[in-house]
Every structure is written in C-alpha cells, then in structure tokens.
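Notes to accompany the following structure.
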There are 2 protein chains.
Amino acid sequence: MSRAAVRLVDVAEQAGVSLATASRVLNSSRPYGVRADLRARVLEAAEQLGYEPNHHARALAGSASMTIGLVVHDVRDAYFALVAGAVVSAAEEHGLFVTIVNTYRDPEQETKYLRLLRAQRPRAIIVAGSGFRGEAAEPILAELKQFEASGGVVVALGTQHAGHSIDVGNHDGARRLAHSLCDLGHREFAVVTGSAAMNTVADRVEGFRQGLSERGVELGESAVHYGEPTRETGRQAAERFAAARAAGAQVPTCVFGTFDLIAAGLVGGLTQAGIVVPDQVSVAGFGDVPPAADMTPALTTVRLPLEDIGRRAVELALLTEGDRQLVTVEPEVLLRQSTAAPRER
Amino acid sequence: MSRAAVRLVDVAEQAGVSLATASRVLNSSRPYGVRADLRARVLEAAEQLGYEPNHHARALAGSASMTIGLVVHDVRDAYFALVAGAVVSAAEEHGLFVTIVNTYRDPEQETKYLRLLRAQRPRAIIVAGSGFRGEAAEPILAELKQFEASGGVVVALGTQHAGHSIDVGNHDGARRLAHSLCDLGHREFAVVTGSAAMNTVADRVEGFRQGLSERGVELGESAVHYGEPTRETGRQAAERFAAARAAGAQVPTCVFGTFDLIAAGLVGGLTQAGIVVPDQVSVAGFGDVPPAADMTPALTTVRLPLEDIGRRAVELALLTEGDRQLVTVEPEVLLRQSTAAPRER
DNA sequence: CTGAAAGCGCTTACAG
DNA sequence: CTGAAAGCGCTTACAG
C-alpha cells in the first residue's frame, strides 16, 4: 500500500532476479527464455504484489502500444455506439484498449482530435466517421498520413481516406434496398437524406440510384431532399409530401430515408398528416438502429453487420505490414411492415 | 516524412535552443519562463514540424496522465452510450482522452479490466456500471482501492464503491415517479425489474417503494418481479398480467418497469394481449432512453441528467486532493401518454 | 540462460 | 532566464 504503484524492479527484487529476467518472464516472449524456477518465482512475486506493468514505460521502451484510437462523430448516436461497442469488444479480445474521440461531424474538430490522438501514440486509428468530401477532408487526410508516416496504422470505415479501409456497405446496402422496393412494385421514389458533404449520404444515395436504375427506374436529382440526419428532417419532409398530396400533386409511392431516424420522422409525420404507412406510402430507412424493429409499423431498413465490421477493423488495426487492404462486408435488407406493394390508383 | 515521429529534440534543434527550453515553452507553465524570441522560435519550429508530444514519455517523466478510464457495462446500451458521450465531451474540454472498457455486467470481467486499466495509468477511473452488491463486489473494490493507493482518483456513478461518487438519482427519481403516479390516482402497483444483485435495481425499487409509502401505499415484495433489464422481460411479465387478468385476478392499475426497455416490452406485451395502455393499465419506465418519447403511446419515464453527470464526473476526476465528494443531481419525471388516471372499476 | 547497461522521449530540480 | 544532467519504468541488444 505504498503511495506509488508497484514497479518491475520491486518484482525482480522480491523474486531475487535481475530486472531483465523479470521482464522476460512477464513478457512471455519465447517459450524457452527463462529457467522454470526463476520464472515461477517472478510470477509469484508479481501476483503477490499485484504488479501491473506501466504501459507508458512499455510503449516508450519500444514495445507496441496497447491502445487503438477510435474516431466517431458522437458515441451518443446509436450507430456509432454500436460500432464502438463492436470495436471495444474485439479490442478486448486482443488485450487492447480503445480511446474514443468525438468529432461532432465537424472537420475542424476531427483534424484537431486526430492530431491530439497522435500524441497518445496509439497502435492504430480507426476512423468510423462518415468522412467528408472535397476541401474539408484535406487536413484530415494530412493528419492521417502523418500518423501513418510515423508508423501508425489507419483503418477507415466506409471511406478510403488512407490506410486500410472497410466498405461498410452503404452503397451496396442502398442498392439492394432499391431492388427489394422495386420488386415490391414501386416505381416512383423520393429520398430524404443528410448533408451532401458526407460520404455516407453520397454512398447511400448513389447506391439507391444505381439499384433503381438496374430495375429500370430513374431517380431524378429533384427527388432527393438534403437536410440533417435527424428525425426532424424526416418530419418536415413528410409535411411537405402531405401538402403536395393534398394539393393534388403526383407523389411518390415510396420514400427512402437514408437514416433510420429520418425514416422514423417520415413515418411520424405522414401518420400525423393522416397518410397511412404503408397502405398509402411506403417508407424505408437505413441502419437498423435498435428502435427500428419496434416502431409501429416496424421499419423496413438495411442492417450493416456492425459486429463483423468492428472485428475486421481491429484485425486490420493489428496488421503490422503488408499492402493496404480493402475489406467488404455483406449488408442485409430487412423488409418489415413500413413497406408494402403500392396500391393501384 | 521520416519513419519516426517528430521529437522534442528535433524541435529544440531546429529552434536552436536546449531541450529544457523547448520543453518549457511547450508546457506553457509559468508565463515568464522563457524569453519571447526563444519562445517564438520554439513555437514556430513545433508548428512547422507538426510536433505532437509523446504522451507516454510525458507520463513517464512525471506529468499527469491525460487519460481517463471509463468503465461501462456495454457502450452499445443507450444509457451507457449517453453517459460515455457526456464523459467524452466533458473530457475533451479539458484536453483529456477517454478509454472505454466494457464489462458486460460480469463482476469478473469488471475486475479484470479494472486491473488492466491500472496498467494504463489513467489519471482517473470513472465507474459507470451499476455496480454489484455483496461478495461479487469485493474484488472490484480491492482493485479500485489499489488504484487509489497508487495515486489514481476513482469516481463512481450511482454507487459508493470508493473514491468520489455521484448519486445519479436512481433512488430519488423512482421516488418522485411514485409520487406522480400516486397523484394520478393509482394505489395498486407492480414493478418489473432487473437482477436484484444490481445496485441500480435495488435503488430504483427502494426509491419507488419509499415514494409510494410516503403517499400511504405499500408495495409488497410479491409485487416486484425480478428478471433481466430487457424488453423480453417486460413482454413476458405483460403476458402474465394479461393471463391473471383474464383469470379474473386482481391486477395492478399501474406497472413500473425500472428500465425503459422493460417498460417498452410491457407496453408491447399488454397491447398485444388486448389491454389498452394507459386506459386499462398505466406503464412507466426509467431512463428516458431516446425511443421512449417516440413510442406509441409515448412513455412516461424518469430522465437522469446524463450530460450533467458526465460533466461532474470529469470535474471530480480532475480533483487532485481533498476529501471524497458526494455529488447529487436532479432527476426529472416525464409524464407522457403511457400513464393516466386509473379507470374506476 | 542471465545480468549490466543503454536508450525510449520527456520533465524538472539543480547549477549557472 | 537557460542549459546539462538525472530520472521516470520499461525493453532489448550485448556480453558473459
């Protein structure tokens, strides 16, 4: 119960061996390093003293860092919470720790925290944010490159910043969803989505458009409504649809909210306006965030295999050499009660 | 673009000053430490080289660690995601990083990760789990004490393991909820909750019981149903109530699910069994987890001021001396559509 | 197989 | 105000 933490010297002393020997035992490097009796004495001493090696010293002395940096927009967001959970679980299996930073969808914050993260000298940085396009992405990319240049590994989810990347299935998932909806009989669609500057948004919209196109349906640019990835955006869009409908305008039979939250807002807004989902309009989301299955009606959506993604991300993070990898995963379309065949008119 | 990261010597060299001087400038300690021109040169060199100090070296050399350990049951859980988000935000404001570990509601895991966390030498450990009672808690407590003995600070949420603690309001929130429900006219209650071994459960049940008692209503032990904090537990309980009701048994007019998820299951199960909420039975939850407000009917629940809790936790984590603190926060009862005055019989 | 010693990148008394 | 030097707790060639 001394004021300071137990050090390796303390262990070595108690075991009656040199520092080097104690270190070798505790690092379980090669199997035949240390004589059995010495090994036993060291282990016992460590156990007895409750010794826990100082990671800082370890990292400084050259052994690989035990931490992984995880960059998300906000852990409070269900999607990122699931990603974070998967990464933390996978990391724990490898004895690694995960340090989380929130960037709040702000490129400047992202750059700043990436830089601060470098100071921690994590073994790898996993960028789970949706990334940005164009100019905003440049300083971020620069930070990532510098991290790589100093020996760190970068894993990007859903985008190809730098380093390894995992295609989480935004494009492919939206494409498959489009197929399913067309197969249900829909031909007139609208899309309500987040900011065009986000990769996630662009990927989902493009994937959806491609999927429709493969079924012979064109999605015009005017059918895509950009906003924030929030319930409110969905609700407002719903009100506009309802108004247009009341005014006798031609209205889509199916609306795709590219985030479950948007879709939830759409369902709420339409219902409130007296439009029955899915009888009059079908609504689909993306993400399969927990409440999606429990909404009324249960939300048709796309599930990304987040657990799988987390595991793969950590595996890539552990790679010490070799070429950049590009991993793909299989998204899954979940047809539930918020979509149905369109009514004849 | 050398292979290794930029070091302080590199900066000092480029600025033409000694290591010590460079260090002083970059640590912005006392304002009048270094001559202005030297200071400027150091700053410029650092900027130019993209220097970011090595935290490991810093920590080893004696400056306070920049990381906080956060122990949760599972970040995927909405409650913990919100807590984690709040802690990460607050930490970022102080330039600190948060390392998250998941314990999966398992005392052994918790002990293990607490121990591994010690190796990271974080400045503080915030234990956000609901904690355990009795024997299971002992090794956890021992780890925490050892961490404190070696100079770390411990902050416990919702329980008083060791170190500072924040009473997150489980007891008080449930107590206030009981008042509100009694004021609505209810006199017959049932409680559906998680495992009795969890502090959260015990606190909420006890608080609820006390609140009722203060309104002259007694809650018998047989009216409390223990299970898991899941939707399924709620659903099953609902089925039992429905069966009892169909059999003509006396049934409570109001059921309190001590977790929103349980309450959601209760509402779902009751509705499915043809019992209308709140007309026939009122249901209340606890937590105000995001979907709560958007359920149909919207769920009456208790909101804990998680943002506030996160901020206070980080403040306590930063305390370097002084007595243990016990912080209290103000939970809020949110009366929504899932509760109403009981129907006369 | 084992130990003495150098070195990782910083900070901080201690001299000047 | 500034610099040379010791030391933080480890790991790892290098000798033995």
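Below, read A as the first sequence line, B as the second, and so on, with proteins coming before strands; counting in each chain starts at 1. Note that the coordinates shown come from a computational prediction; the quantities given were computed from them, not determined experimentally.
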Does some side-chain heavy atom of A:I309 sit less than 4.5 Å from a side-chain heavy atom of A:L306?
-> yes

A:M66 CE - D:dC10 C1' separation (whole Å) | 14 Å

Pairs satisfying salt bridge (charged side-chain N to carboxylate O under 4.0 Å, His left out), at least one member in residues 79-98 of chain B, at least two apart = none

Keeping to residues at least two apart or across chains, list the salt bridge (charged side-chain N to carboxylate O under 4.0 Å, His left out) pairs with something in residues 54-73 of chain B.
-> none

Using residues 136-144 of chain B as the side-chain source, report each donor-acceptor pair under 3.5 Å to any protein atom, sequence neighbours left out, with the distance given to one decimal.
unit_1	atom_1	unit_2	atom_2	d
B:E143	OE1	B:R118	NH1	2.6
B:E143	OE2	B:R118	NH1	3.4

Got a minute to check which stems DNA chain D is part of, using Watson-Crick or G-U wobble pairs under 3.5 Å, three or more consecutive?
-> C:1-3 with D:14-16, C:5-12 with D:5-12, C:14-16 with D:1-3

For A:A84, all residues meeting side-chain contact (heavy atoms from CB on, under 4.5 Å), sequence neighbours excluded = A:L70, A:V75, A:I100

Pairs under 3.5 angstrom, nitrogen or oxygen only, protein versus nucleotides 14-16 of chain C, please.
none

Stretch residues 43-58 of chain B: residues that reach within less than 4.0 Å of DNA chain C through a heavy atom = B:Y51, B:P53, B:N54, B:A57, B:R58

Return the set of residues passing salt bridge (Lys or Arg N to Asp or Glu O under 4.0 Å) with B:E44 (not counting sequence neighbours), or none when no residue passes.
-> none

Any residue meeting side chain to side chain donor-acceptor pair (under 3.5 Å) with B:S89, in chain and number order, not counting sequence neighbours = A:R76, A:Y104

Other residues, nucleotides, ligands: >12 heavy atoms within 6.0 Å of A:R123 CZ | yes

Residues in ring pair (Phe, Tyr, Trp, His ring centres under 6.0 Å) with A:H55, at least two apart?
-> none

How many Å lie between CG on B:L8 and P on D:dC8, as a whole number?
-> 20 Å

Give every pair of a protein N or O atom and an N or O atom of nucleotides 5-7 of chain D that lie under 3.5 Å apart, one pair per line with the distance.
none

Residues that A:D37 engages under salt bridge (Lys or Arg N to Asp or Glu O under 4.0 Å), provided they are two or more places apart = A:R35

A:D10 CG to D:dG9 P, straight-line distance once rounded to whole Å | 9 Å

